[in-house]
Amino acid sequence: MFLQQAGFWRTPKLIVDAPFYLDVTLCCGQVFRWEKVDDWWFGVASDKTFKVRQLGNLVEFENVDWPFVENYFSLDMDLQKISASINRDLHIRKALKEYFGLRLIRQDPWECLISYICATYKSIPAIRHMLNNMAQKFGEKTSFDGRTFYTFPKPEMLARATEQKLKECGLGYRAKYVLATTKQLCEGGFNLESLRKLPYPEAKAALMELPGIGAKVADCVLLFSLGKTEAFPVDVWVKRVILNHYGDKLAPELLQRLTTRGSLSNVDYRRLNEFGRSYFGEYAGYAQEYLYHYERIAI
DNA sequence: CGTGGGCCTGTCTA
DNA sequence: ATAGACAGGCCCA
């Protein structure tokens, strides 16, 4: 992965011998709590507070070791192979070319789950706001590099919250879903990690049993934290991508409904999801992320 | 079993 | 300024 290590021991500098585009990876909407100060990104992941930056193919980081960084940014995945696998048409080819090096982050499943319950019907700045409020109220305070951070609250901590307290974090109607799901994870026999072993459809069905988790949230959790690269979340942006660039690959009737109706029905979600997975294959989730980001930036 | 309407509230635009 | 629309959907009737 890296060819050489040099420099001051506290700040390892690694020449990464694999395509990696840090800024896009952290900006493309998969994670919400990273913060850029000058050219350093500061973040908390699984109770580790660290910073990372990229200068060309030189990646520097502090307060964390290389194996963690490599795993977190899934730099062990062969992006050339993935790219070749999803490179099915001219449109995605442009997205791949523009943002090559965008990586799917391996998030903590618990944090990912709560984050995406909160993400429903909200804009990214608002999601960030909610999650930071929750971390500040229920997480642990840490300090690093002269700055203050809060870890994402553990399930036991959040289980002690009340619906009112969560609403004060700006969650609105999502508060009761977060609380109910948290309690099921703490008390009930629901084990998030065990979903890794299940095939995609079964893991998805299991997630959708939890309060506040529909098909879209389940797909996000599976893709971003449980290693299901074939998951293909369909949000308003992906719907736009499909309408604008893949309409000719859909049934005319479906295309007609999508253009006339605003919101996506459960059935139409499933159809778009199935389209994405069958069209792009086992790495459909990577295709989704490149297309999503490309469409958002193009506005 | 498929569909339509309501929903908390932070942000952004006019 | 202040209202109004919209936001990475989910649940229930």
Side-chain angles (χ1 to χ4, degrees), chain A residues 24-34 95 102 104-105 107 111-137 161-182 184 204-225 231-244 251 253-254 256-258 260-274 276 284-299:
Chain A
V24 172
T25 298
L26 290 174
C27 283
C28 67
Q30 49 180 332
V31 286
F32 303 103
R33 285 187 353 109
W34 281 82
L102 188 169
L104 285 180
I105 290 174
Q107 300 186 39
E111 176 171 352
C112 187
L113 183 71
I114 299 302
S115 297
Y116 280 89
I117 291 177
C118 291
T120 68
Y121 208 38
K122 274 289 181 190
S123 63
I124 289 175
I127 300 164
R128 193 193 326 269
H129 187 242
M130 287 186 281
L131 297 178
N132 283 333
N133 283 342
M134 287 169 70
Q136 214 170 109
K137 271 199 178 146
T162 61
E163 194 175 326
Q164 182 55 34
K165 291 274 187 197
L166 290 176
K167 283 187 173 172
E168 286 167 17
C169 296
L171 270 68
Y173 66 83
R174 302 162 195 79
K176 66 171 185 283
Y177 299 141
V178 167
L179 204 54
T181 286
T182 299
Q184 281 204 35
K204 184 169 177 178
L207 278 175
M208 288 173 67
E209 293 296 313
L210 293 168
I213 299 174
K216 160 64 167 61
V217 173
D219 274 323
C220 288
V221 174
L222 291 168
L223 178 62
F224 298 140
S225 74
F232 190 81
V234 180
D235 56 37
V236 291
W237 292 98
V238 173
K239 179 184 157 188
R240 278 171 209 163
V241 174
I242 295 176
L243 278 178
N244 292 340
E253 186 186 289
L254 172 59
Q256 175 65 24
R257 262 203 313 283
L258 293 176
T260 50
R261 288 191 33 154
S263 59
L264 204 59
S265 71
N266 286 340
V267 180
D268 288 346
Y269 181 95
R270 198 175 63 225
R271 290 190 178 120
L272 293 186
N273 174 261
E274 280 169 359
Y286 276 84
Q288 188 269 5
E289 208 58 12
Y290 276 85
L291 292 172
Y292 169 82
H293 190 63
Y294 192 66
E295 193 75 10
R296 276 178 61 95
I297 298 303
I299 298 300

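In what follows, chains are A, B, ... by sequence order, proteins preceding strands, each numbered from 1.
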Report the distance from atom [atom1] of [X] to atom [atom2] of [N], rounded to the nearest whole Å.
| X | N | atom1 | atom2 | value |
| --- | --- | --- | --- | --- |
| W237(A) | dA7(C) | CH2 | P | 8 Å |
| N266(A) | dA13(C) | CG | C1' | 14 Å |
| R128(A) | dC12(B) | CZ | C1' | 15 Å |
| N132(A) | dT9(B) | CG | P | 19 Å |
| K167(A) | dG10(B) | NZ | P | 13 Å |
| Y173(A) | dC8(B) | OH | C1' | 7 Å |
| D219(A) | dG9(C) | CG | C1' | 13 Å |
| R174(A) | dA7(C) | CZ | P | 13 Å |

Under 3.5 Å, is there an N or O donor on one side and an acceptor on the other linking the side chain of K122(A) and the base of dT9(B)? yes

Donor-acceptor pair under 3.5 Å, Y121(A) side chain vs dG10(B) base: no

Tell me what [X] touches on the nucleic acid: a base, only sugar-phosphate, or nothing, going by heavy atoms under 4.0 Å.
| X | answer |
| --- | --- |
| V217(A) | sugar-phosphate |
| E163(A) | nothing |
| C28(A) | base |
| L264(A) | nothing |

If you pin T120(A) and S123(A) to their nearest nucleotides in DNA chain B, which one's is more 5'? T120(A)

Would you say the rings of Y116(A) and F224(A) are close, in the sense that their centroids are separated by under 6.0 Å? yes

5'-most by nearest nucleotide on DNA chain C - P233(A) or Y177(A): P233(A)

Toward the 5' end of DNA chain C, by each residue's nearest nucleotide, Q30(A) or L210(A): Q30(A)

Side chain proximity check, [X] to [Y], heavy atoms < 4.5 angstrom:
| X | Y | result |
| --- | --- | --- |
| V217(A) | Y177(A) | no |
| P233(A) | K216(A) | yes |
| V31(A) | L26(A) | yes |
| F32(A) | I124(A) | yes |

Any side-chain N or O of R240(A) under 4.0 Å from OP1/OP2 of dA7(C)? yes

Work out how far the P atom of dG10(B) is from that of dC11(C), and round it to whole angstrom. 22 Å

Per side-chain contact (heavy atoms from CB on, under 4.5 Å), E289(A) is matched among V24(A), V238(A), I105(A), L104(A) by L104(A)

Residue H129(A), side-chain heavy atoms: nucleotide from dT3(B), dG10(B), dC7(B) that is nearest: dG10(B)

Taking any strand in view, what nucleotide pairs with dC8(B) in a Watson-Crick or G-U wobble way, both distances under 3.5 Å? none

